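Scroll down for the structure; my scribbles are underneath it.
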Amino acid sequence: MPLWRHLSDTAEVAGLLWDRWMAPSVRRIIADGRPDDVARTVLVWLAGSHDLGKASPAFAAQVRPLTEPMRDAGLPFSPLVEHPPRTPHAQQSHRILRQWLESNGFDRDTADSWAIVPGGHHGVAPGRDDITHAGVAAQAGTGPWRGVQQELTDWVARNSGITAHLDSLRTAALAPTAQVVITAVVIVADWIASDTARFPCFDTRSTAERVRSGWRDVGLLPAWSADAGAVETLFGRRFGREARPAQEEAIRAAQAITGPGLMIIEAPMGEGKTEAALAAGEVLAERFGCGGLIFALPTMATSDAMVDRFTGWLRGAAQSAQPFFLAHSKAPLNPTFAAMRTLSPTTGDGGVDGCGAGVAVALEWLTGRKKGMLANFVIGTIDQVLYAALRGRHVALRHLALAGKVVVIDEVHAADVYMAVFLRDVLRWLGAYGVPVILLSATLPAARRQELLNAYSTGARPATPASPTARASRRRRPRALTSAGPPPPSCDEATASGEGLAGAGPLPYPLITIAGAGSMVQVAPAAAGLARTVRVEFASDDESELVDLVRAASQGGGVVGIIRNTVGRAQRSAAVLRAELGEEVVTLTHSRYLATDRMRRDRDLLAELGAPGQARRMPGPRIVVGTQVLEQSLDIDFDLLVTDLAPADLILQRMGRLHRHRRHAHERGLMTKPRCVVVGANWDADPVEPDRGSVAVYGLAALLRAAVVLRSDGSPGRDIELPADIPRLVDQAYAAEVEVPEAWCATFDDAEQKAQQESAGRTTGAEMFSIGKVPVLDLFGWSHANAGDAEGHDGRAKVRDGEDGLEVLVVQQRGDGWFVLPWLSDCGGAELPRDAAPEPRLARAVAQCSLRLPRQLSVWRIDQVIGELERQGRASWQQSPWVRGELVLPLSEDLTAELAGFRLRYSRRDGLVVEEAE
DNA sequence: AATAAAAAAAAA
Ligand SMILES: [Fe+3]
Ligand SMILES: [Fe+3]
């Protein structure tokens, strides 16, 4: 394709992206204070300049036959430029544009702030030395080449209309935020224009015409235009019921805030955080011109579970079909999302446009991780948001994806120290972009909360709302705002200060904190959930005592929850309790089940032990034994909780399962008072000795801290008020200094030091890959650090650390045939082809049988395990996108297998059990 | 000798 044509295509497409696709909030970032028409011209100009570097002998020499006409036209190819190392043409573009700007009187730094856009159009920002390097100039060619470059650059500038604005560009460098976002839009324009099916090489149509038809064919839809209407009635209109206090306050805060800001909603499960975020997000989107919303959750399962609720809201929140993307690695397995692909906003019977509702559609062009995130509405794992802070190729695209939306992140408390680094840096950038962010969380330790606020406000600058009047709230707040003293000093960040609740002492819970540019406000909505007093006891780690306890407590019926810290402990307890109290009474759950079985278990538990109205409890005693899977996002209700000693916030999280729902007292049998028995430690020892496995999982320090805070005076029991006591206990457990008994000091100090080292190590590890603060001047070297893609295995950068687990797909082997496990509802028991890839329906059934192997297999003997499984693998499976690259574990007819010297046994009741083989 | 849960993948 002639270069001039590709450049003008890309420029025109960029213009269309501005006109017909981009959210006002993105235009505002690109404008960087300049008038809109200038900003659009800038974008078109830089898009048109992106491949200037292709007009160089180094690039042109790549396709030998094509060089002949150029030679004939007098363009020399010296041997030097015909041989590697070749300068990437993006860097050549940068050099050419820089030189052109300098010749127009720009100083070097200012010139670079513009030229770095073409320089980064392949997804990696150049390093400063890359452009200045003598080789770049050498490979630009001589004499006639320079003339061609000059002419082409002039031509692009003239066509775009930037020539008239050069004087104003010369005096103000482009802000780094605009550098990133413009680069991303240029990349999008380039990808669109590089599709030769839509933008053919040979074309008799005018540029305008071919671009118009190419654009239509790509089928992108405009950004969402939020129209929340009267905020007083918004919640009822969207969700068909009355708002709970936290929801009302969130909406009110969104309406009152003077500029884009960060809202942290801390509330227990059941206060309606999700709907609060959607409603508040809609208000924020309208006020600040955001063109979509992304809802990020900690797991793929919770993401999947969000889809229906989200699309239900979206139908009311938009008046036309809206691009939607499900962003996680198993999204293709989600049937709802798969069905959206068959809907087309424009065509025939699948056409959904014109029905006046915000139907979610999956657009053809918005597929794959990098492009999909650009859809107006996204549900995904938190990882997908954190990738915006991970250095790597095309990170600018992830910024563009977030820049045009309201960003909601759920269960923020669950992010560990490693993820926290990326979260901090994402917030810094989102603050700088003026992207409204809503974080949903259980109580955060004060320092954590402050770190999040500081990160956002470091980037934030005073901003103006899109709508002329920020309608101030006239209604009375439920609790007067009190002015706080100066917030705690923090390392190197700017500090968000303002009106906080409670200068000293613990904060209320639920709590909403809103920080804008330089100001901070806190509100304490009334809790909708039940307040209750939990009796906390500490008991020995003895299975027979456990049996007695459970038997006595449950003899009048009711539900006992037992949360263990390791799978082994959970499996053992379940076995003992089954033997003593009866098979059907006991349910076991943990993560070592097939994905499909695990989903089924969660669903069954919810149907039996969930909120009244959605669930039906059976009479008689019920015992649920599980690991940490019982701790998170499963809205079930226990009458008595037995838990292993765990970090204090997690214990409190677990305690939240006690007497959570309103129900008749008689359903709880004898367990009419919420009671929590903490086991998993030798309480008589001094210092307390937690179970070995628990120490391995959480570290000794966190467990000792929890023991101190929960058992303050060493007494055998105490009361905890839920939720009122939670902030105080969490703050205590995570305070810099904790007071421990004299006899503990040596052990405790030791453990603390180890924990700090570990945490520092993980933080340092994350910092290596994280993009850091918003630079003041330019993006040189910005996305570097690790070449290659951000995501992925193999020593590459990641947003989660820790050991890599090993996941396998389980099938059943009979004779030498492979079969889908018999109990699957779809294709159960079907034979899998030996010499061909399984057809999609079969492959999908197999893909649902994924199983994470325990560490004995996935860490200690990983090479042996992979080796043995690969040997049994079937090569033909590589042709199916559903199962390609996956390891397959065939179980015998009785669901057992030998693997790497271990004996594996699977049952739907117990999950995977691994024993040393004799 | 032995320890949770969780995520993860193509550009022009
Ligand atoms: Fe290029
Ligand atoms: Fe290009």
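None of these values were measured; they are calculated from a predicted model.
Nearest to the side-chain atoms of A:Met300 among the listed nucleotides B:dA12, B:dA8, B:dA4 stands B:dA8. Of the candidate nucleotides B:dA2, B:dA4, B:dA11, B:dA2 has the atom nearest to the side chain of A:Arg692. Ranking B:dA7, B:dA12, B:dT3 by closeness to the A:Ser194 side chain, first place goes to B:dA12. Across B:dA11, B:dA4, B:dA8, the shortest atom-to-atom separation from the side chain of A:Tyr387 is found for B:dA8. Among B:dA8, B:dA4, B:dA12, the nucleotide with an atom closest to any side-chain atom of A:Lys798 is B:dA8. The nucleotide whose nearest atom lies closest to any side-chain atom of A:Trp191 is, among B:dA5, B:dT3, B:dA12, B:dA12.
Residue A:Thr381 has a polar side-chain atom (N or O) positioned under 4.0 Å from OP1 or OP2 of B:dA8. At B:dA11, one or more side-chain N or O atoms of A:Lys370 fall inside 4.0 Å of OP1 or OP2 (strictly under the cut-off). A close approach under 4.0 Å does not occur between any side-chain nitrogen or oxygen of A:Tyr593 and OP1 or OP2 of B:dA5. Proximity of A:Thr299 to the phosphate of B:dA5: no side-chain N or O atom is located under 4.0 Å from OP1 or OP2. For A:Ser591 and B:dA5, the shortest distance from a side-chain N or O to OP1 or OP2 is below 4.0 Å. The side chain of A:Arg369 places an N or O atom within less than 4.0 Å of a non-bridging phosphate oxygen (OP1 or OP2) of B:dA9. Using a 4.0 Å cut-off, some side-chain N or O of A:Ser329 falls inside it from OP1 or OP2 of B:dA8.
The residue A:Gln384 sits close only to the backbone: its heavy atoms come under 4.0 Å of sugar-phosphate atoms, none of a base. A:Arg598 comes within contact range of the sugar-phosphate backbone alone, with a heavy-atom separation under 4.0 Å but no base atom that close. Residue A:Arg592 is classed as a sugar-phosphate contact, given heavy-atom separations below 4.0 Å to backbone atoms only. Contact annotation for A:Val859: no contact, since no heavy-atom pair falls under 4.0 Å across all strands. Backbone-only contact: A:His328 has heavy atoms under 4.0 Å from sugar-phosphate atoms and none from a base.
In this structure, A:Trp860 packs face-to-face on the six-membered ring of B:dA2, meeting both the 5.5 Å centre cutoff and the 30° plane limit.
Ring orientation note: the planes of A:Trp191 and A:Trp365 are tilted relative to one another, at an angle of 30° to 60°.
When each of A:Asp644, A:Asp649, A:Thr643 is tested with A:Arg654 by the rule side chain to side chain donor-acceptor pair (under 3.5 Å), just one qualifies, namely A:Thr643.
Atom CZ in A:Arg852 sits roughly 12 Å away from atom P in B:dA4 (whole-Å rounding). We find that CG of A:Asp383 is positioned 13 Å from C1' of B:dA9, with the value rounded to whole Å. As rounded to whole Å, 11 Å separates atom C1' of B:dA11 from atom NE2 of A:His121. Between the CD1 atom of A:Ile192 and the C1' atom of B:dA12 there is a distance of 12 Å, rounded to whole Å. B:dA5 atom C1' lies 12 Å from atom CD of A:Glu807, rounded to whole Å. Distance A:Asp691 CG to B:dT3 P: 8 Å, rounded to the nearest Å. The separation between A:Arg572 atom CZ and B:dA4 atom P is 10 Å, rounded to whole Å. Atoms CZ (A:Arg855) and C1' (B:dA1) sit 12 Å apart, rounded to a whole Å.
In terms of heavy-atom proximity, A:Arg762 sits nearest to A:Tyr418 at O-CD1, 3.4 Å.
Looking at residues two or more places apart in sequence or on another chain, you find a ring-ring contact (aromatic ring centres under 6.0 Å, His included) between A:His590 and A:Tyr593. Legend: residues meeting side chain to side chain donor-acceptor pair (under 3.5 Å) with A:His50, ordered by chain and number and at least two apart, are A:His6, A:Asp190.
Nearest-nucleotide positions on DNA chain B place A:His590 closer to the 5' end than the other of A:His590 and A:Glu886. Checking A:Leu806 against A:His89, the closest nucleotide of DNA chain B that is more toward the 5' end is the one next to A:Leu806.
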List the steps and the verdict of side-chain hydrogen bond (donor to acceptor under 3.5 Å, both in side chains) for A:Lys370 and A:His394. CA-CA 8 Å; A:Lys370 289 171 181 174; A:His394 294 125; 3.2 Å; yes
Could you check A:Val13 against A:Phe199 for side chain to side chain contact (heavy atoms under 4.5 Å, CB included), going step by step and ending with a plain yes or no? CA-CA 11 Å; A:Val13 170; A:Phe199 295 84; 3.8 Å; yes
